[in-house]
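First the structure, in the form of structure tokens, and then the observations on it.
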Amino acid sequence: MKVLEKHLKPYLKESKAKEAYALEADLYCNESFYSLENDVVFQNNWQLVGHIDQLSNTGDQLVCEIAELPIVVVRNENNELKAFHNVCRHRAGPVATENGNSKVLRCKYHGWTYSLDGELNSAPEMGSTPNFDVCQYHLPQVEISEWQGFIFVSINKPAVPLEKMLSGITDNIKPINLSEMTFSHREEYIIECNWKVYMDNYLEGYHIPHIHPELNQLIDYRNYETEVKAWYSYQYSKLTEHNNEVDNFYGKGTAHYYCIFPNLMLNILPGRLQTNQIIPITKNKTKVVFDYFYTELESEETQKLIAQDKTFSHVVQKEDINICEQVQKGLNSGSYVPGRLCVKRELGVLHYQNLIRKSFRDAIKTKHIKVSKT
Ligand code: FES
Ligand SMILES: [Fe+2]
């Protein structure tokens with residue numbers, strides 16, 4: 001009997017706006033479902049792995065993990081970006097262990113050496129091994145694409161090209177230009193909740209007046225809007241003008257909040273981009289990675305903005321962490337049944353949760369889900 005599939009199926013029906021319900025607690029708490037997500041969510045979608053500035057020269061290498069799979073990204077001799085499974089064809093050692101620059105990819109275990117195109121060039125002392133030909137070995141490639149200076153990788157063939165997935169963003173945020181932004185610094189947090197609890201929380205402004213008193217002063221909650229596209233949702237609000245009561249150090253303009261399926265957010269303010277990646281560690285533990293970019297880093301004005309941005313973002317983050325960890329306890333309690341969603345304020349949550357449901361449905365359809373037997 002297909003136990004897992006039978007257990008999952010009732011949770012996966014698309015929720016319609018007129019009768020919108022949140023996801024089942026099981027989808028946040030069940031270990032088996034959590035393990036499936038690496039396959040059905042993370043390996044089938046684009047994942048941000050770095051910035052073009054990290055790979056500007058031939059031989060530059062960037063190591064990362066996607067859904068626990070080791071990956072290496074390189075710039076080859078033809079000035080192209082390539083991404084490979086960082087797994088040696090000999091006995092699975094890594095062909096790169098840290099970011100850096102080299103003419104080759106050399107596995108430290110026994111010295112097998114690959115070109116920047118992933119072809120095996122040499123394998124020490126293998127000459128006398130019968131039927132062994134270096135030409136027959138190649139590192140398996142994965143999909144790679146670039147958008148506005150950001151590099152994305154997809155382990156399996158993604159549903160849509162990256163450009164199509166993100167279409168509309170570049171024009172919508174003008175005159176802000178993401179490709180002109182320079183990396184400033186990284187902040188990381190570990191949160192005791194399932195990664196989707198954090199995603200859900202990001203996807204609505206409904207909680208802002210209740211959880212974020214400081215942020216609530218900077219945005220216009222009454223005119224806070226949400227729009228949904230095929231693969232992302234967009235929340236936005238005008239920033240409050242700086243005045244005697246409100247210290248709006250971000251300046252004039254709009255706060256743009258993009259949530260790109262499955263785990264990337266782009267928080268864009270005048271002259272500033274914060275990328276926010278949500279990485280599952282265990283079913284109840286999540287890493288949140290913020291990278292900060294600014295139009296320029298040198299001026300006194302920007303240095304002041306960076307300092308204020310750090311302090312302010314930390315306050316907001318602490319508030320989000322606190323509520324997310326409490327929500328996880330609620331989901332774990334066994335007492336929760338999916339609640340109704342607020343159509344006016346939680347359209348982004350509904351859209352996102354339907355994409356999660358669809359990912360599992362598609363995996364069942366294509367028999368991607370390996371079912372356990374009783
Ligand atoms: S595992 Fe790479 S050389 Fe042996
Ligand atoms: Fe929040």
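Remember, it's 1-based here, ligands and their atoms both numbered in the order they're listed.
- Geometrically, R345 engages Y221 in a cation-pi contact defined by less than 6.0 Å to the ring centre and at most 45° from the axis.
- Heavy-atom proximity to W112, at under 4.0 Å, picks out these atoms of ligand 1: 3 (S).
- Both V316 and F290 belong to a common hydrophobic cluster when Ile, Leu, Val, Met, Phe, Trp and Tyr are linked at side-chain heavy-atom distances under 4.5 angstrom.
- Among the atoms of H110, an N, O or S atom is found under 2.8 Å from atom 4 (Fe) of ligand 1.
- The Fe ion (ligand 2) sits nearest to atom OD1 when only the N, O or S atoms of D320 are considered.
- Residue C107 has at least one heavy-atom neighbour below 4.0 Å for each of these atoms of ligand 1: 1 (S), 2 (Fe), 3 (S).
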**OP:** Before giving the answer on salt bridge (Lys or Arg N to Asp or Glu O under 4.0 Å), spell out for E5 and K9 the whole-Å C-alpha distance, their side-chain angles and the decisive distance to 0.1 Å.
**Re:** CA-CA 6 Å; E5 185 175 327; K9 263 189 169 168; 3.5 Å; yes
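- Results of the side-chain contact (heavy atoms from CB on, under 4.5 Å) test with E24 over P10, C29, P338 single out P338 as the only residue that passes.
- Remark: side-chain polar atoms of D53 are not paired, donor with acceptor, to backbone N or O of F183 under 3.5 angstrom.
- Minimum heavy-atom separation, V63 to E98: CG2-CA, 3.8 Å.
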**OP:** Verify salt bridge (Lys or Arg N to Asp or Glu O under 4.0 Å) between R75 and D60, making sure each step is shown before the conclusion.
**Re:** CA-CA 6 Å; R75 185 172 287 285; D60 280 350; over 6 Å; no
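- At a threshold of 2.8 Å, atom 2 (Fe) of ligand 1 has no backbone or side-chain N, O or S atom of H90 nearer than that distance.
- Among the atoms of E319, no N, O or S atom falls under 2.8 Å of the Fe ion (ligand 2).
- The nearest heavy-atom contact from the protein to atom 1 (S) of ligand 1 is R91 N, 3.2 Å.
- Short contacts between ligand 1 and G111, defined as distances under 4.0 Å to a heavy atom of the residue, involve ligand atoms 3 (S).
- When the Fe ion (ligand 2) is compared with the N/O/S atoms of H207, atom NE2 turns out nearest.
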